2 protein chains.
Amino acid sequence: MAEKKLEKYPHPFVTVDIIIFTVKDNDLKVLLVKRKLPPFQRMWALPGGFVHIEENLEAAALRELQEETGVKDVYLEQLYTFGNPARDPRGRVITIAYFALLDSSKIKLQPKTDVEAAKWFSMYNLPKLAFDHQQIIDYSLVRLRYKLEYTTVGFQLLPKKFTLTELQKLYEIILNKKLDKRNFRKKIFSFNIVEPTSETKMEGIHRPATLYKFKNKQFLLPKDVV
Amino acid sequence: MAEKKLEKYPHPFVTVDIIIFTVKDNDLKVLLVKRKLPPFQRMWALPGGFVHIEENLEAAALRELQEETGVKDVYLEQLYTFGNPARDPRGRVITIAYFALLDSSKIKLQPKTDVEAAKWFSMYNLPKLAFDHQQIIDYSLVRLRYKLEYTTVGFQLLPKKFTLTELQKLYEIILNKKLDKRNFRKKIFSFNIVEPTSETKMEGIHRPATLYKFKNKQFLLPKDVV
DNA sequence: CCAAAAGTGTTAGTGATACACCCATGT
DNA sequence: ACATGGGTGTATCACTAACACTTTTGG
């Protein structure tokens, strides 16, 4: 196909931003980086950056995430595209936000490019953020909670083997409410996606808890529909 | 804030594409335009076009929709952002897809800019489409059906006053399956969002149907969560 | 035998599904 | 009186929510 090239009119820049959630110390945390460069120099922000000219959007998100935090091998899901013309003081920048949940124990943070530091922050105690990143995080929390109830995203936050009480705690922390132990277990069993191992976990002076594992890592609903 | 400007590195172009659904002639239809210019000259495509440098994304979608089809006053919802580097032969173009449902009886199609024609096509009998627009439409159908069951988007497709049978037909056409009349009505009433008017609609030789209207146009679930 | 968390069963209520009959109208 | 679509009620099933007691362990 012989095509005429696009004219070089001024057009928006395109970035990706990544919201990585984890549960740690009985708290829902989000991964932030401290900016090395203007604008918003030395302020905390979501990891992210410019999409290269020949690079897939998700690939860009994965690359920026690894460069800025050291985190890799993540299943990212597209969240929303934010395009308010005033959201970046340098000019017109639209950003495609991706999000994921990770087991923080499997991660060591190793910031490299363009950032001074990468650090977990409590969702309920965030610093003032660069750009419109507070708004992006607020929206991602709504979606996270929604997805937690209808899919199995929550399982991404736990190690291979886990107790049902650990799983319940995780749900309680993300949803920020108490759940009934019996009903929670019935619901999880009804999904038919966990199976008991022969191992148990002993912690403290009480009956040891059975360790469970996932039968598979599929979502209950097709990707991106919910 | 004194900021350094962005360098003029090559960066993606940004477009919006709009999927407008309607139900007409007992069929689910989507609004397409015939391209006047290359690439894909004289092929059918979704209405859409480039985002101006100082223009909100949704504003761009509304502008392009009106320019290319004459359709205006639409509540658009962001669907997904497509960014495969090969999706446009002219170069790197990412597109943010928006979608909406409209009552086709309220619309007169009046194409103006850059298009030869604007026309409704059956979802089940689409022509070969430009770019990756077939993929975008496929995805939007999944989301449309999902939203129909959990929100009240479907009401956007009907005139102010309508019979419950008309509403049911609409659901059946979009979901592409028969629904039980009694259960459908119970469900609609349980939402508590329609109320009967004192008017009836007589069509054919049978008992006249009560006309209903919506109590409000709110969605049942918050915007964009589902 | 005590403390502490693991683990389980029952009941009531709510919403979904499946199904069949009467009603109002024009001819 | 009949043909046509409008309109309703009931029984069953599955899922959710609320609630209390027994089990296993180490000290």
Side-chain angles (χ1 to χ4, degrees), chain A residues 23 25-26 145-152 154 158-159 161-213 220-221 226, chain B residues 23 25-26 145-152 154 158-159 161-213 220-221 226:
Chain A
V23 170
D25 311 327
N26 281 334
R145 286 181 175 157
Y146 190 82
K147 291 199 70 102
L148 193 69
E149 307 220 42
Y150 293 97
T151 73
T152 60
L158 287 175
K161 292 173 185 170
F162 53 90
T163 71
L164 293 180
T165 300
E166 287 167 350
L167 184 61
Q168 183 177 342
K169 282 249 172 66
L170 191 138
Y171 271 68
E172 289 178 340
I173 289 166
I174 296 176
L175 298 176
N176 204 22
K177 67 179 178 192
K178 273 277 165 206
L179 299 174
D180 181 278
K181 181 166 54 162
R182 288 153 289 193
N183 294 336
F184 180 77
R185 286 166 185 235
K186 266 180 281 186
K187 186 167 190 162
I188 296 295
F189 290 142
S190 77
F191 290 163
N192 208 33
I193 47 161
V194 295
E195 55 187 10
T197 67
S198 54
E199 297 169 70
T200 58
K201 181 169 191 172
M202 185 73 255
E203 251 184 4
I205 316 169
H206 54 79
R207 177 172 175 175
T210 302
L211 283 164
Y212 285 78
K213 64 177 181 182
L220 287 177
L221 283 165
V226 179
Chain B
V23 170
D25 310 328
N26 283 335
R145 285 181 176 158
Y146 190 82
K147 290 198 70 102
L148 194 69
E149 308 221 41
Y150 293 96
T151 73
T152 59
L158 287 174
K161 291 172 186 171
F162 53 91
T163 71
L164 294 181
T165 299
E166 288 166 349
L167 184 61
Q168 182 177 342
K169 282 247 172 69
L170 190 137
Y171 271 68
E172 289 178 341
I173 289 166
I174 296 177
L175 298 176
N176 204 21
K177 67 179 179 193
K178 273 275 165 206
L179 300 173
D180 181 276
K181 180 167 54 162
R182 289 152 290 192
N183 295 336
F184 180 77
R185 285 166 186 236
K186 265 179 283 185
K187 185 168 189 163
I188 295 296
F189 290 142
S190 77
F191 291 162
N192 208 33
I193 48 160
V194 296
E195 55 186 10
T197 67
S198 53
E199 297 169 69
T200 58
K201 181 170 191 172
M202 184 73 253
E203 251 185 3
I205 314 169
H206 54 78
R207 176 173 174 175
T210 303
L211 283 164
Y212 285 78
K213 64 176 181 181
L220 287 177
L221 284 167
V226 179

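Just so it is clear: chains get the letters A, B, ... in the order the sequence lines come, proteins before strands, and each one is counted from 1. What you are looking at is a predicted structure, and each value in this text was computed from that prediction instead of being measured.
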Trainee: Treat primed atoms plus P, OP1 and OP2 as sugar-phosphate and everything else as base, then score nucleotides 18-27 of chain D 5' to 3': B for base contact with protein heavy atoms under 4.0 Å, S for sugar-phosphate contact only, - for none.
Mentor: BBB--BBBBS
Trainee: Any chance you could measure R185(B), atom CZ, to L179(B), atom CG, to the nearest 0.5 Å?
Mentor: 12.0 Å
Trainee: Quick one: how far along DNA chain C does chain A reach, first to last nucleotide 5' to 3', anything under 4.0 Å to a heavy atom?
Mentor: dA3(C) to dT10(C)
Trainee: Let me confirm one number: the OG1-NZ distance from T210(A) to K201(A), rounded to the nearest 0.5 Å.
Mentor: 12.5 Å
Trainee: Looking at every strand, decide which applies to S190(A) at a 4.0 Å heavy-atom threshold: base, sugar-phosphate, or nothing.
Mentor: nothing
Trainee: Quick one: list whatever passes side chain to side chain donor-acceptor pair (under 3.5 Å) with N192(B), sequence neighbours left out.
Mentor: K215(B)
Trainee: Using whole Å, report how far CZ of F191(A) lies from P of dC15(D).
Mentor: 11 Å
Trainee: Please report the C-alpha distance between N183(A) and K186(A) in whole Å, then the side-chain angles of each, then the deciding distance to 0.1 Å, and finally whether the side-chain contact (heavy atoms from CB on, under 4.5 Å) criterion is met.
Mentor: CA-CA 5 Å; N183(A) 294 336; K186(A) 266 180 281 186; 3.5 Å; yes
Trainee: Taking only residues two or more places apart in sequence, or in another chain, which ones meet E172(B) in a side chain to side chain donor-acceptor pair (under 3.5 Å)?
Mentor: Q168(B)
Trainee: Residues two or more places apart in sequence or in another chain: which of them pass side-chain contact (heavy atoms from CB on, under 4.5 Å) with K169(A)?
Mentor: N26(A), T165(A)
Trainee: Evaluate the criterion side-chain contact (heavy atoms from CB on, under 4.5 Å) for residue pair L211(B) and T163(B); output intermediate values, then yes/no.
Mentor: CA-CA 5 Å; L211(B) 283 164; T163(B) 71; 3.9 Å; yes
Trainee: Does E195(B), at its CD atom, have more than 12 non-hydrogen atoms belonging to other residues, nucleotides or ligands within less than 6.0 Å?
Mentor: yes
Trainee: Any chance you could measure L170(B), atom CG, to L175(B), atom CG, to the nearest 0.5 Å?
Mentor: 9.0 Å
Trainee: Tell me the interatomic distance from I188(B), atom CD1, to dG7(D), atom P, rounded to whole angstroms.
Mentor: 14 Å
Trainee: Look at the rings of F184(A) and Y171(A) and say which category their plane angle falls in: under 30° parallel, 30 to 60° tilted, over 60° perpendicular.
Mentor: perpendicular
Trainee: Taking only heavy atoms on the protein side, list every residue of residues 163-177 of chain B lying under 4.0 Å from any atom of DNA chain D, sorted numerically.
Mentor: T165(B)
